[in-house]
There are 2 protein chains.
Amino acid sequence: MARSTTEPRWLDADQQRTWRTYLLGSARLNERLDADLRRFGLDLGEYEILVTLSESPERRVRMSELATAVHQSRSRLTHTVSRMEKAGLVDRQTCPTDRRGVWAHLTDQGFTLLETAAPQHVEAVRRHFVEAVCAEDYAALGRAFAAVIAATEAEPPPSD
Amino acid sequence: MARSTTEPRWLDADQQRTWRTYLLGSARLNERLDADLRRFGLDLGEYEILVTLSESPERRVRMSELATAVHQSRSRLTHTVSRMEKAGLVDRQTCPTDRRGVWAHLTDQGFTLLETAAPQHVEAVRRHFVEAVCAEDYAALGRAFAAVIAATEAEPPPSD
DNA sequence: TTCTTGTAGTTGAAGAATCAACCAATACCC
DNA sequence: GGGTATTGGTTGATTCTTCAACTACAAGAA
C-alpha cells in the first residue's frame with residue numbers, strides 16, 4: 001500500500017503555539033523538580049521509585065511491575081535499582097513463588113530519605129505546577145493527559 | 001533562619017491523580033514521538049533543532065540562542081550539534097561580528113531530512129496529542145503550561 | 001516427560017546527558 | 001590604556017540511558 005501523498009495537515013498557529021508551550025513548559029518543570037530533588041541526591045525517576053515502593057505492601061514491588069509504575073524500561077530500572085541499592089536506599093529479594101522474580105524493597109534508609117525529601121518536593125510540585133495553574137485548567141490538564149494515555153495505548157508502537 | 005517545621009501540605013487525591021496522570025502521559029507521549037522520529041535517525045530534541053534552524057533567516061542561529069529555543073543546556077547543544085554535523089545535517093559558521101560566536105547552520109541535507117520527517121511527525125503529534133484531546137481541554141493545557149513557565153521563571157533555580 | 005514458547009530480569013557495550021573546568025573574546029570600569 | 005567581570009562556546013570525565021543479547025525459570029502442548 002503506497003504511502004499517502006496528500007498534503008500534510010500542518011498545525012494551525014494556535015495549535016502550534018500550544019504545542020510549543022507544552023514542550024517548553026514541561027521541560028522547565030522537569031528541570032526545576034530535578035534541581036530541587038538533587039539536594040537529596042535524587043532525580044524524579046528515583047523519587048518515583050521510592051514513592052511507589054513506600055506505598056506498596058511490605059514496601060516491595062516486583063521489578064517489572066515497578067518498571068510499569070514508573071514508566072521506565074526494564075533495563076533502565078535494573079541499572080537504576082542497582083545504583084540505588086549501592087546507595088543503600090533499596091535492596092533486592094528473590095521471590096519464592098516465582099524464582100525468576102525479584103522484589104525491589106525499600107530499606108529503612110530509603111524510607112527515611114523519602115520522608116526527608118517529600119515535603120520539599122511536594123511544595124515544589126505545588127509552586128511550579130498545581131498552584132501555578134487555575135483549578136479549571138488543572139482539571140482540564142488531567143483530562144487531557146488521560147486522553148493522551150488512551151491515544152498512545154490505542155495504537156501499537158511503531159516497529160517497522 | 002530555621003526551616004519550617006509545619007506539617008507539609010500534601011496533595012489531595014484529585015490533585016495527586018492529575019499529577020501522576022501528567023507524569024505518565026507526558027512520558028508516553030515522548031516515547032511515541034521519539035519512536036516515530038527514530039525512523040529518520042532523529043529524536044525530538046534534534047528535530048526541534050532542525051525546525052528552529054529552518055525557520056530562521058539564512059537557516060542559521062547562534063548556539064546560545066538555539067540552546068534557549070530548544071531548551072537545552074549549552075553543553076548538551078554543543079555535543080548534539082557536533083553529532084548532527086558529523087551526520088551532515090548542520091554545519092558551523094563563525095560569526096564575523098562577534099568572534100566568540102558560532103552559528104549553527106542547516107545544510108541542504110538537513111533541510112531535506114526535515115522535509116521528509118515533518119509530515120509524519122506532525123501526524124503523530126496530532127494523533128497522540130492535539131486531536132486526542134478535546135479543543136477546550138487543549139486550550140486549557142496551553143494556558144496551564146504558560147502559567148507553569150511563568151511560575152518557573154518567577155523563582156530563581158535552587159543553587160544552595 | 002520433553003519440546004517449545006513466553007516471561008522476568010540482567011548484562012555489557014555503545015550512545016547520550018551532565019557537570020565542572022576551561023579558553024577566548026567582549027564589555028565594563030577606573 | 002589596563003584590569004576585571006561577563007558572555008559564548010567547547011572539552012573531557014563521569015554518570016545515565018539505550019539497545020541487543022543472554023540466562024533462568026515457568027507454562028503449555030504433544
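First the proteins, then the strands, lettered A, B, ... as listed; each starts at 1.
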Undergrad: Give the minimum heavy-atom separation between A:Ile149 and B:Gly25, together with the two atoms involved.
TA: CG1-CA, 3.6 Å
Undergrad: Do B:Thr107 side-chain atoms and B:Gly88 backbone N/O form a donor-acceptor pair below 3.5 Å?
TA: yes
Undergrad: For a 4.5 angstrom cut-off between non-hydrogen side-chain atoms, does B:Val122 reach A:Pro8?
TA: no
Undergrad: Does any pair with a residue in residues 95-104 of chain B pass side chain to side chain donor-acceptor pair (under 3.5 Å), and if so which ones, sequence neighbours excluded?
TA: B:Asp98-B:Arg100
Undergrad: Taking any atom closer than 4.0 angstrom to a non-hydrogen atom of chain B, what span of DNA chain D does the protein reach, first nucleotide to last?
TA: D:dT7 to D:dC19
Undergrad: Hey, could you give me each pair passing side chain to side chain donor-acceptor pair (under 3.5 Å) that has a residue in residues 127-147 of chain B? Not counting sequence neighbours.
TA: A:Arg9-B:Glu131, A:Asp137-B:Arg143, A:Arg143-B:Asp137, A:Glu155-B:Arg127, B:Arg126-B:Glu131
Undergrad: Once each nucleotide of nucleotides 8-17 of chain C is scored for protein heavy atoms under 4.0 Å, what B/S/- sequence comes out, 5' to 3'?
TA: SBBBB---SS
Undergrad: Would you mind listing every side chain to side chain donor-acceptor pair (under 3.5 Å) that reaches into residues 57-68 of chain B, with sequence neighbours excluded?
TA: B:Arg60-B:Gln93
Undergrad: For residues 108-117 of chain B, tabulate all N or O donor-acceptor pairs below 3.5 Å that involve a side-chain atom, not counting sequence neighbours.
TA:
| residue | atom | partner | partner atom | Å |
| --- | --- | --- | --- | --- |
| B:Gln109 | NE2 | B:Ala87 | O | 3.4 |
| B:Thr112 | OG1 | B:Asp108 | O | 2.9 |
| B:Thr116 | OG1 | B:Thr112 | O | 2.8 |

